[in-house]
**Student:** 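Below you'll find the structure I mean.
Position 1 is the first residue of the sequence; numbering continues from there. Not measured: the values here are computed from a predicted model.
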Amino acid sequence: MRNVFPAVIYLAATTAACEVISAAASSLTLGPLLRQLTYSRPPSSILLRPSTAISITSALAAKCARVIGLSVSDTLELFFHSAGAALPEQFFAVWSLVRTKALAPLLMVLVVACLFMSVMLMVEVTSMATVSLAVKRLRCRPEKRYKWEPIKADEETGSLAYPMVLVQIPMYNEKGVYKLSIGAVCALTWPQDRIIIQVLDDSTDPAIKDLVALECKIWASKGANITYEVRDNRKGYKAGALKKGMEYTYVQQCEFVAIFDADFRPGSDFLMRTIPYLVSNSHIALVQARWEFVNYSECLMTRIQRISLDYHFKVEQEAGSSTFAFFGFNGTAGVWRIPAIEEAGGWKDRTTVEDMDLAVRAGLKGWKFLYVGDIKVKSELPCTFKAYRHQQHRWTCGAANLFRKVALDILIAKNVSIWKKFHVLYSFFFVRKIITHIVTFLFYSVVVPASVLVPEVKIPLWGVMYIPTSITLLNALRNPRFIHIMPFWVLFENVMSLHRIKATLIGLLETGNVNEWVVTEKLGEAPKANPENSKPEATSTKFRDRINFTELGFAVYLLFCASYDVVYGNNYYYIYLYLQAFAFIAIGFGYAGASGSKS
C-alpha cells in the first residue's frame with residue numbers, strides 16, 4: 001500500500017494542472033459550464049489509512065479524467081466552430097437539405113439491411129456454437145459416430161492389409177520449408193511398399209528446384225518411395241499441379257490420397273489414425289485433421305490469426321461435420337478417397353479455392369466428410385501483413401466466385417436432401433462467405449460512423465452493441481486462453497473486413513484480379529536457426545510502398561466521425577470509433593506483423 005501515497009500526490013497535482021487547462025479552455029468556449037463545476041481540494045495530509053487513500057485516489061482519478069475529457073471536448077468544439085465559421089452559410093443550408101432528403105433515407109435503408117444481416121449472422125453463429133458445445137459436452141467423438149478399427153497386418157496378408165496410399169506435397173519456391181514437409185511425410189508410419197510420396201514442384205527458381213530434387217534423392221536412398229514431379233508451366237496453380245499428379249500411371253494402384261502443403265508437418269501416426277475411418281466407412285470421402293501452428297506466438301497478428309482459425313476448426317468444421325457431414329476442405333492436412341475425387345470431376349482450376357470447389361462437388365454427389373479435431377498437423381501462419389492480406393484475398397474472393405458458379409448446381413442436385421442444399425447454399429456460402437464480410441465492414445466501418453453525422457437516423461442498441469458483443473463472446477467461448485486478445489481481434493478483423501468485402505465483390509462480379517494467386521510466404525525453421533535473418537525480406541524504402549493509404553483514409557473518416565460525436569452526439573460511439581481509427585492508423589503505417597514489418 002506504500003505506493004498508493006505517491007499516487008495520491010501525483011493525481012492531486014495532475015488534477016490541479018487539469019483545472020488550469022480547463023480554466024483556459026473555459027475562457028474560449030464552455031466557460032459557463034466549467035465554472036459550475038466545483039472541485040474539492042486535495043487532502044492536506046498524505047498520512048491516511050490505506051482504505052481512505054484508495055478512495056481518495058479513485059475520486060481524484062475520476063475527477064482528473066472528467067476534466068481532461070471536458071478539455072478535449074472543448075478543444076474539439078472550438079475546432080468545429082472555427083471550421084464552421086470559415087464556411088459560407090449557404091453550405092449549411094445545402095447540407096441540411098441533402099442530409100434530410102437524401103442521406104437520411106439512404107442511411108436508414110442501410111441500417112435496416114445491416115440489422116437484418118446481423119440477425120442472420122447471429123442466428124448462424126449461435127447455431128454453430130450450440131452444436132460445437134454439444135459435441136464437446138456430450139463427448140460425441142468421431143469414433144463413436146463412425147466405425148473405426150486399427151489396421152493390423154497378419155502373417156498371411158502382411159503389408160497387403162494396408163491400403164495403397166498416395167501422399168502429395170505441392171510446393172512453389174518453398175526454400176524455407178521443403179525439408180520439413182518432405183522429412184515429416186517420409187517419417188509416416190506406413191509400410192514402405194504401400195505408400196507413394198509425390199513431390200509436385202512448380203518452383204520457378206532453378207536453385208530451389210535443385211535443392212528439392214536433391215532432398216527427394218536423399219530420402220529415396222534411405223528407402224522412401226518418393227517421386228519428384230515437375231511441370232513445364234504453372235497452369236491452374238495448385239489445382240493444376242494436383243490434377244497433373246493424379247494422371248501418372250502409378251497412381252492408379254492407390255485407393256486414398258493425403259495432401260499436405262509445403263509448410264505442413266504431419267505426425268508419424270497421421271495415416272494410422274485417419275485411414276481406418278475411410279476403410280471402415282465406405283460413404284466417407286474425406287477425413288480432415290485440425291491445423292496446429294508452430295509460430296502463433298510470433299506477434300500479435302499471428303495470435304489473432306490463431307483465434308480465427310481455431311474458431312473455424314472448433315466451431316465451423318465441427319458443426320458441419322456433426323450435422324450434415326459437410327464442410328469445406330481446407331486444401332491440406334486431409335485424406336481423400338480417390339474414387340470420390342474422380343466421381344466429383346477431379347481437380348478444377350476455375351477458382352482460387354480448388355479445395356472448396358472439390359468438396360462442394362463431392363458433397364453434392366452424396367459423399368460425407370468427417371472432421372477429426374484430435375488429429376493435429378503442425379503448420380505455419382503468415383507473419384507479415386502483406387502475406388496475410390494476399391492469403392485472405394485468395395480465400396475470400398475464391399469462395400465468393402465459387403458461390404456464383406455453383407449456386408445453380410446446388411439447387412438442382414438430386415443426390416442430397418433439401419436440408420443439406422439449404423445448409424450448403426444458405427449457411428455455408430451465403431451467410432458465412434458473403435454476408436459476414438459485407439455486414440462487418442458496411443455496418444461497423446461505414447454505417448455506424450455515418451449515423452453520427454445524420455442525427456435523423458437512430459440505430460437500436462441491440463444492433464450496435466448486443467449482437468456484436470454476443471458474437472465476440474461466442475468466439476471467445478472456444479478460445480478462453482486468448483480472451484484477453486479479443487478486443488484486438490475485433491479491431492483487426494474490422495480492418496481486414498475492408499479487404500474482404502473488396503475481395504467478395506470481385507469474386508461475385510468476377511472482375512479485376514478474381515483469379516490472382518500469390519503464394520503465402522513461409523519461413524520455416526529459419527528464424528530459430530538464424531535469428532538475425534528471421535525477418536522477412538526488407539521492404540522498399542519508397543513512401544508509397546510503406547504506407548497503406550486506404551487504411552489511412554478510413555482512419556481519417558473514423559476520426560472525424562468520432563470527434564463530431566464527442567462534440568454534438570448524445571451516445572458513446574466515439575469510444576469505439578477512436579479505437580477503430582487507431583487500428584486503421586497502425587495498419588495504415590505498416591505496424592502489423594512480425595517485428596513491426598511494414599510489408
**Student:** Quick one: closest heavy-atom pair of P276 and L271, and the distance?
**Tutor:** CD-O, 3.7 Å

**Student:** Would the F313 and W291 ring centres measure less than 6.0 Å apart?
**Tutor:** yes

**Student:** Take Q198 and Y250 through the side-chain hydrogen bond (donor to acceptor under 3.5 Å, both in side chains) test and state the conclusion after the steps.
**Tutor:** CA-CA 11 Å; Q198 193 180 65; Y250 58 80; 2.8 Å; yes

**Student:** Checking side-chain polar atoms at under 3.5 Å, does D201 have a donor or acceptor matched by the opposite partner on Y228?
**Tutor:** yes

**Student:** If we ignore hydrogens and angles and just use 3.5 Å, is the side chain of R145 paired with the main-chain N or O of C140 as donor and acceptor?
**Tutor:** yes

**Student:** When you check the side-chain N and O atoms of E298 and N295, is any donor under 3.5 Å from an acceptor?
**Tutor:** no

**Student:** Counting only N and O atoms by type, is there a donor-acceptor contact under 3.5 Å from the side chain of T352 to the main-chain atoms of R394?
**Tutor:** yes

**Student:** Report yes or no: does N173 contribute a side-chain atom to a donor-acceptor pair with the main-chain N or O of D205 at less than 3.5 Å?
**Tutor:** yes

**Student:** Which pairs of donor and acceptor atoms, one on a side chain in residues 332-345, lie under 3.5 Å apart (sequence neighbours left out)?
**Tutor:**
unit_1 : atom_1 : unit_2 : atom_2 : d
T332   : OG1    : D261   : N      : 2.8
R337   : NE     : I284   : O      : 2.9
R337   : NH2    : L278   : O      : 2.5
R337   : NH2    : N281   : O      : 2.9
R337   : NH2    : I284   : O      : 3.0
E343   : OE1    : W367   : NE1    : 2.9

**Student:** Holding to salt bridge (Lys or Arg N to Asp or Glu O under 4.0 Å), I want the full list of residues that pass it with R194, two or more places apart in sequence or in another chain.
**Tutor:** none

**Student:** Are the side chain of S379 and the backbone of E292 linked by a donor-acceptor contact shorter than 3.5 Å?
**Tutor:** yes

**Student:** Just checking K405: does its NZ atom have more than 12 heavy atoms from other residues, nucleotides or ligands closer to it than 6.0 angstrom?
**Tutor:** yes

**Student:** Only one of R478, R137, K314 forms a side chain to side chain donor-acceptor pair (under 3.5 Å) with S132, so which one is it?
**Tutor:** R478

**Student:** If only atom types and distance count, is the side chain of W347 paired as donor or acceptor with the main-chain N or O of D355 below 3.5 Å?
**Tutor:** no

**Student:** Do D357 and T351 get their side chains close enough for a donor-acceptor pair, meaning under 3.5 Å?
**Tutor:** no

**Student:** Quick check on side chain to side chain donor-acceptor pair (under 3.5 Å): which of H393, E493, H437 does R500 satisfy it with?
**Tutor:** E493

**Student:** Answer yes or no for R290 and Y371: cation-pi contact, defined as NZ/CZ to six-membered ring centre under 6.0 Å and angle to ring axis within 45°.
**Tutor:** no

**Student:** Does a side chain donor of either E318 or S322 reach within less than 3.5 Å of an acceptor in the other side chain?
**Tutor:** yes

**Student:** Please check if any side-chain donor atom of Y248 sits under 3.5 Å from a side-chain acceptor atom of E229, or the reverse.
**Tutor:** yes

**Student:** K238 side chain to E354 main-chain N or O, any donor-acceptor pair under 3.5 Å?
**Tutor:** no

**Student:** Does the side chain of S181 pick up a donor-acceptor pair with the side chain of D263 at under 3.5 Å?
**Tutor:** no

**Student:** Between S321 and Q317 (side chain of the first, backbone of the second, donor and acceptor by atom type, cut-off under 3.5 Å), is there such a pair?
**Tutor:** no

**Student:** Would you mind checking if R141 and D374 are paired as a salt bridge, meaning a charged N to carboxylate O distance below 4.0 Å?
**Tutor:** yes

**Student:** Ignoring hydrogens and angles, write down the donor-acceptor pairs under 3.5 Å from the side chains of residues 422-433, residues two or more places apart or on other chains.
**Tutor:**
unit_1 : atom_1 : unit_2 : atom_2 : d
S427   : OG     : E124   : OE1    : 3.2
R432   : NE     : E124   : OE2    : 3.2
R432   : NE     : S427   : O      : 3.4
R432   : NH2    : E124   : OE2    : 3.2

**Student:** K368 side chain to H283 main-chain N or O, any donor-acceptor pair under 3.5 Å?
**Tutor:** no

**Student:** Compute the ring centroids of F369 and F327, then answer whether they are less than 6.0 Å apart.
**Tutor:** yes

**Student:** Checking T189 side chain against S268 main chain: does a donor-acceptor pair fall under 3.5 Å?
**Tutor:** yes

**Student:** Report yes or no: does N548 contribute a side-chain atom to a donor-acceptor pair with the main-chain N or O of I587 at less than 3.5 Å?
**Tutor:** yes

